[in-house]
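Since the structure comes first, as structure tokens, the remarks are kept for the end.
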Amino acid sequence: MKVSGNASGGEGGGGDAGEKKASTSNCSLFWDEEQPDDFENHPDFVAMQAAMEEYTPFEEAEAWKNQGNDRLRMARKAAHQRMKRKFQREAAELYTRAIRTGSKDPETPNSFLGICFNNRAQVNILLTNFRSALEDAEEAIKLLGGESASKKAYFRAVKAALALKDIEKARALGRTGLPLAKGDKEYSELMEEIEKVDKEVKAEEEKESEEADKSLSTAVQFAILLKQRSVKLGFPSFPDIQNKPYLDEDG
């Protein structure tokens, strides 16, 4: 059985631009139909595992990454949200395996690890794991340097930071990535979104501050009123609710 070690290309194919497309016909784990429930005992999977034992860590990492790309494609095609989430979680785990395994091999290019982090950032955004997405995207930026693929890393980092309402980080990342965007419309719209979210956050903070001031003012007024009437506060006179005074039938 031959396993393709090429990386999948294009975000539309589950990976990032600049990578070569994997030949899914060469990898038996890319089933034509839905993945078998007991896939770990499937002959093709067993054969894949055996083949991986002969791989270098980098080659094994490429295989894990290809499977992650495949899960993203399956997630996009899934009709039900439950299945989408299932495939997305599997993709995140497979990218994690690719990163962990590839990091063991000194021959693994930083660009490969950067793309794995970048792809996992995208999955984490889909799963609304925004803190993890931001961390992955920032790591991808470091590893990819000035490569064109890092534009997506900046884009995803900004999206995650916005979701976390971290306006300053979103703005800083967005401006740093601008030279790589080169007039990209989607990137420009995201930069406009930063200012929109910034206004919304400031409005929310102002509203919360006004409500807090109003609440404090009410409490202060109540305390002044109690003092004016010489009302003293202490512990409850009737700690047991059953012993509290009550009106009988005769009033």
Side-chain angles (χ1 to χ4, degrees), residues 1 3-17 19-53 55 57 59-103 112-140 149 152-153 155-164:
M1 176 184 66
V3 181
S4 171
N6 291 335
S8 175
E11 187 173 351
D16 283 326
E19 300 178 78
K20 296 179 180 178
K21 288 188 176 181
S23 174
T24 56
S25 62
N26 289 337
C27 183
S28 63
L29 281 186
F30 295 118
W31 287 285
D32 294 333
E33 300 179 356
E34 186 175 334
Q35 172 183 305
D37 292 333
D38 190 23
F39 71 91
E40 290 186 348
N41 293 319
H42 193 284
D44 286 346
F45 186 86
V46 173
M48 167 73 84
Q49 293 294 91
M52 280 187 172
E53 293 178 2
Y55 284 2
E59 291 171 334
E60 182 181 344
E62 284 189 304
W64 288 127
K65 177 177 148 305
N66 288 342
Q67 292 179 52
N69 293 346
D70 184 61
R71 289 302 188 280
L72 276 184
R73 283 190 290 269
M74 294 170 73
R76 277 192 287 272
K77 294 177 181 179
H80 301 289
Q81 187 63 28
R82 182 179 64 84
M83 293 304 298
K84 284 182 181 292
R85 301 281 290 187
K86 174 179 179 291
F87 291 135
Q88 288 165 357
R89 285 192 293 268
E90 289 178 357
E93 173 58 26
L94 288 163
Y95 288 134
T96 299
R97 293 185 185 184
I99 292 167
R100 187 184 301 126
T101 307
S103 298
F112 171 83
L113 293 174
I115 289 169
C116 289
F117 274 106
N118 205 359
N119 290 355
R120 194 173 68 176
Q122 172 66 3
V123 178
N124 277 321
I125 288 174
L126 294 172
L127 293 170
T128 66
N129 298 330
F130 298 116
R131 180 63 61 188
S132 296
L134 178 57
E135 292 173 358
D136 281 347
E138 288 186 303
E139 187 63 27
K152 290 183 179 179
F155 184 89
R156 291 162 184 169
V158 173
K159 285 191 70 173
L162 276 180
L164 294 169

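For the numbers below, each heavy atom of this structure counts, side chains included, while hydrogens, waters and symmetry mates do not.
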Between [atom1] of [X] and [atom2] of [Y], what distance do you get to the nearest 0.5 Å?
X	Y	atom1	atom2	result
R76	Q88	CZ	CD	9.5 Å
L113	N118	CG	CG	12.0 Å
N119	I99	CG	CD1	9.0 Å
D70	E90	CG	CD	10.0 Å
F155	Q122	CZ	CD	8.5 Å
F117	E138	CZ	CD	12.0 Å

Could you tell me which non-hydrogen atom of [X] sits nearest to which non-hydrogen atom of [Y], and how far apart they are?
X	Y	result
A137	A121	N-CB, 3.8 Å
K65	F112	CD-CE1, 3.3 Å
A160	A133	CB-CB, 4.0 Å
V123	A92	CG1-CB, 3.8 Å

Quick one, L72 and F87 - any side-chain contact, counting heavy atoms below 4.5 Å?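 Result no, sub-4.5 Å side-chain heavy-atom pair not found.
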Side chain of R156, backbone of L134: donor and acceptor closer than 3.5 Å?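 The answer is no, because no donor-acceptor pair under 3.5 Å joins these two groups.
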Under a 3.5 Å distance rule, please check whether K84 uses its side chain to pair with a backbone N or O of A78 as donor and acceptor. yes
Testing the 3.5 Å rule here: is there a donor-acceptor pair between the side chains of D136 and Y95? no
For residues 125-132, run the donor-acceptor check on the side chains, cut-off 3.5 Å, and write out each pair with its distance to 0.1 Å, sequence neighbours left out.
unit_1: N129; atom_1: ND2; unit_2: N124; atom_2: OD1; d: 3.4

Applying salt bridge (Lys or Arg N to Asp or Glu O under 4.0 Å), can you list everything that pairs with E135, at least two apart in sequence or on another chain?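 Salt bridge (Lys or Arg N to Asp or Glu O under 4.0 Å) list for E135, sorted by chain: empty.
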Salt bridge or not between E93 and R97? Use side-chain N to carboxylate O under 4.0 Å.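 Salt bridge present between E93 and R97.
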